[in-house]
Chemist: 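Below is one structure. I have some questions about it.
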Amino acid sequence: MPRTINTHLLFTAMSPTSEILAYDSNPPMLPKWLNKGDNAWQMIGATLVGLQSMPGLVILYGSIVKKKWAVNSAFMALYAFASSLLVWVLVGYRMAFGEELLPFWGKAGPALGQSYLVRRSHLPATAHYFNNGTLEMAMVELFFPQAALVIFEFAYAAITLILLAGSVLGRMNIKAWMAFSPLWLVFSYTVGAFSLWGGGFLYQWGVMDYSGGYVIHLSSGISGFTAAYWVGPRLKCDKERFSPNNILLMITGAGLLWMGWSGFNGGEPFSAGITAAIAVLNTHICATTSLLVWTFLDVIFFEKPSVIGAIQGMMTGLVCITAGSGLVHSWAALLMGIVSGSIPWFTMMILHKKSAILQKVDDTLGVFHTHAIAGLIGGLMTGLLAIPELCDDDTTSIPGQKGTAYGGGIVQMFKQLIGAIFIIVWNVFTTTVLLLIIGMIIPLRMPDDELLIGDDAAHGEEAYALWGDGEKFDATRHETIVHHASVNAEDSVNSHHNQNGCHGVTIQL
């Protein structure tokens, strides 16, 4: 039975002359099962992953898009982060990590009561038995309270939703997004999380997904691509001219994302042990290698290194290693970096331009390539290269797991492939159904006249008090300032209409 803690009685019962030392073998205010180091590391990991989203992706999205979409893009990330936490503690956490309801879904319920949050955390929440009644997989008890696990897993859920948003930036109706994001978390994310992490059928079968190559990245990439199809494309002029409004801020957001990945992969072993250190090292080896490979390919084929390309390469490396960061050798992480820096580069820079299907879907930030493709590669390479020693050291892994190259046989690769197919099919289905239902009530795409304006039409706010990057000038809301009395107003504000219907304003100073 878990110990209940009454802090009021603890402090009032202490004798004034008694002295409590920080390193007593049995301090009265702590349960015996609590490991302070593991608990601290788990909360640090949760904070690092949270910082990846807020402010990391908020800054990245707000700066990597055209100026007129900076506020809208940043707000989509901000709203998703905030709404996710409320949904998570009300029903989401226990649907993903609670007691089994179905082989792919947990029982919904709140994660708010003190009796639930202060008890010892365990994963999975349901023990599994063979048909003859013998124990197959017991509940693994961790050395920190349930509250630490709830907040850590929330950070995973929130960033998944924000990554999905990258596919529909620059045209999705913000009200439709506000309805879609919490529903997607409940009906799509929780299924993948329970199936692969929470004790579901893929977990029991032995599909390996260390930190979310499938649960987070493959699902966000596939759902984002599906959402982009149903929402529809940006304006033609925006598709053709969508340069970042602030590259330096874009690098800042990407840097927060990269460094936060130490908590993303380092926090998954649920202990501050050897596996956590290996996972963090492998994370940065793969990201660095992938960034350099992508940059070299840009130089070889396009003669110039691209900052956006370098960030894309960084991203694909981080995504690829996620599925196996704590399960593979560091030389394997380097190999995964080479593959993740080249194959997604090819699909994005070469194949995308020749594929009618990929051309038809307007995936704003290329999330399909950077997350779905890279996540799939990472999952398959983990099935090939996972070593038995690290699999056994993983707190919540199925006993006896190992990659194909280390005796796991071709069956492990088959399991990885089936796991990926399940995530793909489920996310296409749920994303489609949710958007079709929402679309009956709220238009999924903003009207063209509002798309011409951008942030001002969607929020009544602008990121910068500057004009002239191709957006429509709304004379009813803004003043034209003439800096010299002799300058005619027609010369001061020179509006021009191009063939795509986009309007530009040039201020003559």
Chemist: Is there a donor-acceptor contact under 3.5 Å linking the side chains of Asn265 and Thr283?
Modeler: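 The criterion, which ignores hydrogens and geometry beyond distance, is satisfied for Thr283 and Asn265.
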Chemist: Begin with the C-alpha distance, continue with both residues' side-chain angles, and end with the deciding distance and a verdict on side chain to side chain donor-acceptor pair (under 3.5 Å) for Thr431 and Trp184.
Modeler: CA-CA 7 Å; Thr431 303; Trp184 186 88; 3.3 Å; yes
Chemist: Above 12 or not: heavy atoms from other molecules or residues under 6.0 Å from CD of Gln359?
Modeler: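 Enclosed.
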Chemist: Between Ala80 and Trp177, which heavy-atom pair has the shortest distance, and what is it?
Modeler: CB-CZ2, 3.9 Å
Chemist: Counting only heavy atoms not in Phe414, do more than 12 fall under 6.0 Å of its CZ?
Modeler: no
Chemist: May I ask you to check whether over 12 heavy atoms, not counting those of Leu102, lie within 6.0 Å of atom CG?
Modeler: yes
Chemist: Relative to the ring of Trp105, is the ring of Phe187 parallel (under 30°), tilted (30 to 60°) or perpendicular (over 60°)?
Modeler: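 Perpendicular: the ring planes of Phe187 and Trp105 meet at over 60°.
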Chemist: Parallel under 30°, tilted from 30 to 60°, perpendicular over 60°: which one fits the rings of His352 and His369?
Modeler: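 Perpendicular, since the angle between the ring planes exceeds 60°.
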Chemist: Any side-chain donor-acceptor pair under 3.5 Å between Tyr156 and Glu268?
Modeler: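 The answer is yes; a qualifying pair exists.
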Chemist: Taking the six-membered ring of Tyr116 (Phe, Tyr or Trp), confirm whether the NZ or CZ of Arg94 is under 6.0 Å from its centre and within 45° of its axis.
Modeler: yes
Chemist: About how many Å separate CG of Leu256 and CG of Leu57, when rounded to the nearest 0.5 Å?
Modeler: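 Answer rounded to 0.5 Å: 9.5 Å.
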Chemist: With a 4.5 Å limit on heavy-atom distance, are the side chains of Ile151 and Thr47 in contact?
Modeler: no
Chemist: How far apart are the C-alpha atoms of Ser330 and Asn282, what are their side-chain angles, what is the distance that settles it, and do they pass the side chain to side chain donor-acceptor pair (under 3.5 Å) test?
Modeler: CA-CA 5 Å; Ser330 291; Asn282 286 347; 2.7 Å; yes
Chemist: Nearest 0.5 Å, please: how far is CE in Met208 from SG in Cys391?
Modeler: 5.0 Å
Chemist: Indicate yes or no: at least one non-hydrogen side-chain atom of Met315 is less than 4.5 angstrom from one of Leu257.
Modeler: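 Yes, close enough: below the 4.5 Å cut-off.
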Chemist: Measure up the Tyr93 and Trp88 rings against each other and bin them: parallel (under 30°), tilted (30 to 60°), perpendicular (over 60°).
Modeler: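 It falls in the perpendicular class, over 60°.
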Chemist: Decide whether Trp261 and Thr322 meet the rule of one side-chain donor and one side-chain acceptor closer than 3.5 Å.
Modeler: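 There is such a pair between these side chains.
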Chemist: Taking all non-hydrogen atoms of both residues into account, name the closest pair between Tyr210 and Pro269 and its distance.
Modeler: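 Taking Tyr210 first and Pro269 second, the nearest heavy atoms are OH-CG, 2.7 Å.
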Chemist: Provide the closest heavy-atom pair for Ala155 versus Gly50 in the form atom of the first, atom of the second, distance.
Modeler: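 The pair with the smallest heavy-atom distance is CB-N, 4.0 Å.
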Chemist: What about Phe301 and Phe296, are their ring centers closer than 6.0 Å?
Modeler: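 Aromatic pair excluded; centres sit 6.0 Å or further apart.
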Chemist: Can you name the closest pair of heavy atoms from Leu164 and Ser223 and give their distance?
Modeler: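 Shortest heavy-atom contact: CD1-CB, 3.5 Å.
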Chemist: So which heavy atom on Ala228 is nearest to which on Asp362, and how close?
Modeler: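 It is CB-O, 3.5 Å.
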Chemist: So does Gly313 get a backbone contact from the side chain of Ser290, meaning a donor-acceptor N/O pair under 3.5 Å?
Modeler: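 Yes; at least one donor-acceptor contact below 3.5 Å.
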Chemist: Under 3.5 Å, is there a donor-acceptor pair linking the side chains of Ser219 and Asn427?
Modeler: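 No - no donor-acceptor pair under 3.5 Å links their side chains.
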Chemist: Testing the basics here: between Phe194 and Met95, what is the closest heavy-atom pair and its distance to 0.1 Å?
Modeler: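 Nearest pair, atom of Phe194 first, then Met95: CB-O, 3.7 Å.
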Chemist: For Ile357, I'd like to know if atom CD1 has over 12 heavy atoms of other residues, nucleotides or ligands within 6.0 Å.
Modeler: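 No, the 6.0 Å shell around CD1 holds no more than 12 heavy atoms from other groups.
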Chemist: Does Asp209 use its side chain to pair, donor to acceptor, with the backbone of Val215 at less than 3.5 Å?
Modeler: yes
Chemist: Regarding Ser262 and His284, do their side chains bring together a donor and an acceptor under 3.5 Å, going by distance alone?
Modeler: yes
Chemist: Is it possible for you to check whether Arg120 lies under 6.0 Å from the centre of the six-membered ring of Phe144, through NZ or CZ, and within 45° of that ring's axis?
Modeler: no
Chemist: Whether the Tyr406 and Gln401 side chains hold a donor-acceptor pair (N or O, under 3.5 Å, no angle test) is what I'd like checked.
Modeler: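 Per modelled atom types, Tyr406 and Gln401 side chains form no pair under 3.5 Å.
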Chemist: Under a 3.5 Å threshold, yes or no: a donor from one side chain and an acceptor from the other, between Thr316 and Thr370?
Modeler: no
